[in-house]
Peer 1: 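Before anything else, here's the structure in question.
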Amino acid sequence: SSDLLSQIGRGGGIRPLIALAKSNNLHSQCLALSSLRRLGFIRENRDKLVAEGILETLTSACKSAEPEIQREVASCFCNLSLSSNHRLNIARLSISELVTLANSDDFETVRLSLGALGNLAEGIDTHSFMRSAPILGTIVGCLEREEVDIKREAARVIANLLSSFEIHSYIIQCGLDSLILLSAYTCEECRYLTALSFRKLSPTISNMAMNANPSQFPLDIWGVCSSLISLIKDQDGKTKKYAATALRDLSASGKNDIIFFKLRMPAAMVELVKDNDKDVQIIAVATLRHLSSSDRIKDVFDGSGIVQSAIRCISWANEDLRCQIAGLFANLSEHRECQSTMVSNGIVQAVDTLLSIEHNEIWQDCSRALANLCANEGNQAIIRRQGGIKTLAKLSKSNK
């Protein structure tokens with residue numbers, strides 16, 4: 001029981017167990033490590049364990065070839081690393097040993113050592129020590145294994161390490177394909193971790209796609225976007241939001257738009273605008289705003305529901321969402337082929353509602369939208385009937 005474990009820790013039982021864990025008798029050593037592992041379940045015991053020198057003991061015990069010893073050591077590290085105040089010391093003293101354990105032939109040893117590495121990677125101050133060990137090849141290798149539990153723990157290590165920009169290139173070069181495959185698994189946590197990883201990688205992928213020579217640095221943008229479009233349909237709100245944010249970042253570059261349209265990303269975003277989460281709505285409209293800058297939008301615009309989905313949001317939209325909607329309308333208005341549909345769907349009334357709040361960027365984009373629409377003589381009579389003169393007069397009085 002937890003009370004008994006706490007009592008052993010307070011009663012001085014840790015020091016003799018650590019001494020036994022250094023025994024040359026394998027049976028005694030294994031039993032002592034097993035006891036220390038259980039004591040490590042209790043938060044208050046972890047400080048005592050570290051103070052009594054357990055990290056040095058575990059590091060030494062890693063050299064054992066006995067699978068049970070390795071398993072107990074990995075489990076001890078996993079428990080100790082749950083306390084954030086000990087992670088830096090574990091990374092400094094024992095990261096190489098943990099990587100060795102992650103290469104074990106024993107399933108439980110690998111799973112537990114990956115769990116410890118995932119815990120360590122939650123603190124960004126440990127990343128420099130983790131990068132100095134040959135950890136990335138081991139983690140990507142675990143991501144390629146068949147066991148879902150191993151894949152999940154490896155994905156957690158990667159997702160946490162990706163908070164450091166320095167490892168992005170390696171993961172993109174060597175781990176991207178495995179992440180794409182992992183996104184197709186039904187494991188909810190695997191899908192969440194994949195979405196989180198893509199969210200962190202997306203600015204780097206976007207930058208590389210713009211600047212890299214494809215023959216020197218091939219990027220499977222199609223695979224990434226296909227995975228993300230699948231992930232935005234997930235029932236888990238965080239998975240959906242991270243995947244949607246990654247798609248927004250990838251679409252912002254203006255590159256690879258042929259892939260986005262072949263994968264019917266505008267239609268996927270129109271569906272996402274219907275989500276109950278306002279943050280997800282903002283992300284979806286922002287992605288449509290990016291995509292609407294492409295000439296390819298003309299080929300899919302009719303019947304897409306883009307304008308209607310944006311107009312439906314305006315009545316309850318906050319400032320950020322209104323800003324994205326105004327930018328979307330302005331970009332769409334640049335395409336003459338989109339203008340008649342915009343006008344027939346009541347764009348003037350929508351713009352007038354957007355102008356109900358004072359915001360420089362919103363007013364500028366609304367002005368650009370109306371200027372483009374009014375430049376088309378075929379739209380002018382309808383715009384007048386929809387109250388466009390009054391809206392234009394309001395904009396003309398702005399001091400912006």
Side-chain angles (χ1 to χ4, degrees), residues 191 195 198-199 202 225-254 257 259-294 296-335 337-339 341-357 359 361-362 365-366 368-369 373:
R191 292 173 64 81
F198 283 141
R199 165 68 186 95
S202 56
C225 291
S226 296
S227 298
L228 289 169
I229 288 174
S230 170
L231 291 168
I232 63 172
K233 301 172 185 176
D234 204 273
Q235 294 299 310
D236 180 71
K238 288 184 177 181
T239 299
K240 183 188 301 183
K241 188 180 295 186
Y242 286 141
T245 305
L247 285 171
R248 181 201 64 191
D249 292 345
L250 291 172
S251 66
S253 69
D257 59 348
I259 294 175
F260 301 146
F261 284 92
K262 281 187 175 181
L263 288 170
R264 302 184 71 247
M265 194 186 295
M269 290 301 117
V270 168
E271 285 299 310
L272 207 57
V273 173
K274 301 174 185 176
D275 197 86
N276 293 325
D277 188 325
K278 192 164 288 186
D279 289 339
V280 172
Q281 291 177 348
I282 294 169
I283 295 165
V285 176
T287 306
L288 287 170
R289 179 181 183 175
H290 296 153
L291 295 172
S292 64
S293 297
S294 170
R296 298 180 190 277
I297 197 71
K298 299 179 293 187
D299 301 328
V300 301
F301 184 71
D302 287 339
S304 66
I306 293 174
V307 172
Q308 297 95 316
S309 66
I311 288 175
R312 281 194 293 268
C313 293
I314 294 176
S315 61
W316 66 80
N318 60 17
E319 185 176 271
D320 195 359
L321 182 52
R322 288 186 180 217
C323 190
Q324 299 302 331
I325 292 170
L328 170 63
F329 288 164
N331 288 348
L332 288 172
S333 71
E334 301 282 351
H335 307 292
E337 295 84 351
C338 300
Q339 292 180 355
T341 300
M342 294 177 70
V343 173
S344 65
N345 277 283
I347 193 71
V348 175
Q349 294 96 321
V351 166
D352 198 58
T353 305
L354 288 172
L355 295 175
S356 62
I357 62 173
H359 189 282
E361 188 175 344
I362 292 175
D365 280 331
C366 287
R368 179 158 65 98
L373 294 171

Peer 1: Quick one: are Arg199 and Asp249 in side-chain contact, heavy atoms under 4.5 Å?
Peer 2: yes
Peer 1: How far apart are the closest heavy atoms of Ile347 and Leu373, and which atoms are they?
Peer 2: CG2-CD1, 3.7 Å
Peer 1: Apply side chain to side chain contact (heavy atoms under 4.5 Å, CB included) to Asp299 and list each qualifying residue two or more places apart in sequence or on a separate chain.
Peer 2: none
Peer 1: Testing the basics here: between His290 and Arg248, what is the closest heavy-atom pair and its distance to 0.1 Å?
Peer 2: ND1-O, 3.3 Å
Peer 1: Measure across Leu321 and Cys313 and return the closest heavy-atom pair with its distance rounded to 0.1 Å.
Peer 2: CD2-CB, 4.0 Å
Peer 1: Does the side chain of Cys366 come within less than 4.5 Å of Phe329's, by heavy atoms?
Peer 2: no
Peer 1: So, the side chain of Lys278 versus the backbone of Trp316: is there a donor-acceptor pair under 3.5 Å, distance only?
Peer 2: yes
Peer 1: Would you tell me whether Arg322 and Ser356 have side-chain atoms, one donor and one acceptor, within less than 3.5 Å of each other?
Peer 2: yes
Peer 1: Would you find a donor on one side and an acceptor on the other, under 3.5 Å apart, between the side chain of Thr353 and the backbone of Gln349?
Peer 2: yes
Peer 1: I need the Leu250 CG to Ser202 OG distance, nearest 0.5 Å.
Peer 2: 5.5 Å
Peer 1: When you measure from the side chain of His335 to the backbone N and O of Ser292, does any donor-acceptor pair fall under 3.5 Å?
Peer 2: yes
Peer 1: Out of curiosity, Cys323 SG to Leu328 CG, how far, rounded to the nearest 0.5 Å?
Peer 2: 11.5 Å
Peer 1: Shortest non-hydrogen contact from Ala330 to Asp365?
Peer 2: CB-O, 3.4 Å
Peer 1: Looking only at non-hydrogen atoms, find the nearest pair between Phe260 and Pro266 and report the distance.
Peer 2: O-CD, 4.0 Å
Peer 1: Counting N and O atoms only, with roles assigned by atom type, does the side chain of Ser294 sit under 3.5 Å from a partner on the main chain of Leu291, one being a donor and the other an acceptor?
Peer 2: no
Peer 1: Once rounded to the nearest 0.5 Å, what's the spacing between atom CD1 of Ile314 and atom CD1 of Ile325?
Peer 2: 5.0 Å
Peer 1: Between CD1 of Ile259 and CE of Met265, what distance do you get to the nearest 0.5 Å?
Peer 2: 9.0 Å
Peer 1: Where do Lys240 and Leu272 land on the side chain to side chain contact (heavy atoms under 4.5 Å, CB included) test, with the steps shown first?
Peer 2: CA-CA 9 Å; Lys240 183 188 301 183; Leu272 207 57; 3.9 Å; yes
Peer 1: Less than 4.5 Å apart, side chain to side chain, heavy atoms only: is that true for Arg312 and Val273?
Peer 2: no
Peer 1: About how many Å separate CD1 of Ile232 and OG of Ser227, when rounded to the nearest 0.5 Å?
Peer 2: 12.0 Å
Peer 1: Give me the atom names and distance for the closest heavy-atom approach of Gly327 to Arg368.
Peer 2: O-NH2, 4.3 Å
Peer 1: Under 4.0 Å between a side-chain nitrogen and a carboxylate oxygen: does that hold for Asp236 and Arg191?
Peer 2: no
Peer 1: Do Phe198 and Leu247 touch side chain to side chain, with heavy atoms closer than 4.5 Å?
Peer 2: no
Peer 1: Under the criterion side-chain contact (heavy atoms from CB on, under 4.5 Å), which of Leu288, Ile306, Ile283, Ile229 is the partner of Met269?
Peer 2: Leu288
Peer 1: What's the separation between atom NZ in Lys241 and atom CD1 in Ile282, rounded to the nearest 0.5 Å?
Peer 2: 9.5 Å
